[in-house]
Colleague: 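Okay, here's the structure, questions in a sec.
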2 protein chains.
Amino acid sequence: MSGEDNLLKLVEAEEADGQDYLLQEQVGFILRKAHQRHVSIFAARIGDLTPPQFAALAKLRDVGETSQNQLGTLIAMDAATVKGVIDRLKARGLVELSRHEVDKRRLLVNLTTEGRDAIERLIPLAREITQETLAPLTNKEITTFMRLLAKLA
Amino acid sequence: MSGEDNLLKLVEAEEADGQDYLLQEQVGFILRKAHQRHVSIFAARIGDLTPPQFAALAKLRDVGETSQNQLGTLIAMDAATVKGVIDRLKARGLVELSRHEVDKRRLLVNLTTEGRDAIERLIPLAREITQETLAPLTNKEITTFMRLLAKLA
DNA sequence: TTGATATCATTTGCATACGAATGAATTTCC
DNA sequence: GGAAATTCATTCGTATGCAAATGATATCAA
């Protein structure tokens, strides 16, 4: 190898910040793929409801009637997004809306009887979805992974 | 507590499969939040390009000219999604399109000079984005987390 | 060689997802 | 009490993300 070659490599090593950047090893890229896989598993088991719609119903089951914005906070959706989700659940008769008596800005959301039936019926399927999503890991790995994932979220 | 109360609890315990289902502990929900956080970090550091757009450019830098579909496979996007991403990159002059000479179905995608400059310039920022996303973890935790996440994706 | 299949790309429709702007109602604070 | 700031909801625009249908081209197989 010539002296010029060595110099070239040196210059490259100094300048080429992106020389060994591998997209497929970046956490964001893999996170996106893992999420994709989960959504796909979800769709295979619960075809007529999306994960965000399920999340809204499940959280309403936990907390009972709440404002649309508050529900959005609880399920990590901004106001614009949660509105669309609730609109579609309302169109299907799974939630009902009403105005807060005192604070007239607030739009209260609650499960209908049908919505409550639906979420109770779906929760066992949701458990299976969680299991299938985590199936590539051992029980010990699952514990570790969930602990670290929670730190990132 | 009356006998009726005990009977009621028993019936509830038998029927209520979803009694202790906690949305905020489900892997899908936390995965979605972790992904959201990453996208938010990305947007703060690279405001004028989305993660999918960045992924397309970074992968084109790796593999050079490819068909649109093939690029989609490499960055985990279906045909409909990758089309939109490439259209927007083309509108900004970061990629150029051409027809495959032999197989006239294929739409070849390649970086323009401007696109190559952009991705080289952005890769150092992307490294910082990865770092910031993983900042809540120690180095050892990062190694573990990436190994397990890869298994799920 | 040609008929069946498969592949590549496009389009449409629907569902998140979020920033920014807007309007209505409430709270804060002087 | 009233102006300023905040909160709640809506709307608009843009960008994924995917299923399904369609059209063009290529490949395979009888």
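Chain identifiers are assigned alphabetically (A, B, ...) following the order of the sequence lines, protein sequences preceding nucleic acid strands; residue numbering begins at 1 within each chain.
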Colleague: Going by the side-chain hydrogen bond (donor to acceptor under 3.5 Å, both in side chains) test, which pairs reach into residues 28-41 of chain A, not counting sequence neighbours?
Modeller: A/His38-A/Thr133
Colleague: Tell me what A/Val102 touches on the nucleic acid: a base, only sugar-phosphate, or nothing, going by heavy atoms under 4.0 Å.
Modeller: sugar-phosphate
Colleague: Anything under 3.5 Å between a donor and an acceptor, one on a side chain of residues 76-83 of chain B, the other on a protein residue two or more places apart or in another chain? List them.
Modeller:
from: B/Asp78; atom 1: OD1; to: B/Ala80; atom 2: N; distance (Å): 3.3
from: B/Asp78; atom 1: OD1; to: B/Thr81; atom 2: N; distance (Å): 2.9
from: B/Asp78; atom 1: OD1; to: B/Thr81; atom 2: OG1; distance (Å): 2.8
from: B/Lys83; atom 1: NZ; to: B/Asp87; atom 2: OD1; distance (Å): 3.3
from: B/Lys83; atom 1: NZ; to: B/Asp87; atom 2: OD2; distance (Å): 2.6

Colleague: In whole angstrom, what separates A/Arg88's CZ from C/dC14's P?
Modeller: 11 Å
Colleague: I'd like to know whether A/Gln26 forms a side-chain hydrogen bond (donor to acceptor under 3.5 Å, both in side chains) with B/Thr130, so could you lay out the CA-CA distance, the side-chain angles of the two residues, the decisive distance to 0.1 Å, and finally the verdict.
Modeller: CA-CA 6 Å; A/Gln26 305 305 307; B/Thr130 292; 2.7 Å; yes
Colleague: Report the hydrophobic cluster partners of B/Leu74, with the cluster defined as I, L, V, M, F, W, Y residues connected by side-chain heavy atoms closer than 4.5 angstrom, directly or transitively.
Modeller: B/Val63
Colleague: Side-chain contact, heavy-atom cut-off 4.5 Å: A/Arg88 with A/Gln53?
Modeller: yes
Colleague: Between A/Arg92 and A/Glu114 (salt bridge meaning N to carboxylate O under 4.0 Å), is one present in this structure?
Modeller: no
Colleague: side-chain hydrogen bond (donor to acceptor under 3.5 Å, both in side chains) with B/Glu25: which residues, sequence neighbours excluded?
Modeller: none
Colleague: Restricting to ring-ring contact (aromatic ring centres under 6.0 Å, His included), what partner residues turn up for A/Phe54, sequence neighbours left out?
Modeller: A/Phe42, B/Tyr21
Colleague: Could you work out, with side-chain hydrogen bond (donor to acceptor under 3.5 Å, both in side chains) as the rule, every residue matching B/Gln24, not counting sequence neighbours?
Modeller: A/Lys59
Colleague: Residues two or more places apart in sequence or in another chain: which of them pass side-chain hydrogen bond (donor to acceptor under 3.5 Å, both in side chains) with B/Asp103?
Modeller: B/Arg105, B/Arg106
Colleague: Does any part of the side chain of A/Leu152, heavy atoms only, come nearer than 4.5 Å to the side chain of B/Phe145, both counted from C-beta?
Modeller: yes
Colleague: Of all of residues 34-46 of chain B, which get a heavy atom below 4.0 angstrom from DNA chain D, listed by number?
Modeller: none
Colleague: Could I get the full list of side-chain hydrogen bond (donor to acceptor under 3.5 Å, both in side chains) partners for B/Glu132, not counting sequence neighbours?
Modeller: B/Arg45
Colleague: Taking CD from B/Glu101 and P from D/dT25, how many angstroms apart are they, rounded to a whole number?
Modeller: 16 Å
Colleague: Is the count of non-hydrogen atoms from other residues, nucleotides or ligands lying under 6.0 Å from B/Gln131 atom CD greater than 12?
Modeller: no
Colleague: Listed in order of residue number, which residues of residues 25-33 of chain B have a non-hydrogen atom at under 4.0 Å from DNA chain C?
Modeller: B/Arg32
Colleague: Which residues within residues 48-55 of chain A lie with some heavy atom under 4.0 Å of an atom in DNA chain C?
Modeller: A/Thr50, A/Pro52, A/Gln53
Colleague: Using a 4.0 Å heavy-atom cut-off, write out nucleotides 6-13 of chain D from 5' to 3' as B (base contacted by protein), S (sugar-phosphate only) or - (no contact).
Modeller: -BBSBB--
Colleague: To the nearest Å, how far apart are B/Asp78 CG and C/dT10 P?
Modeller: 13 Å
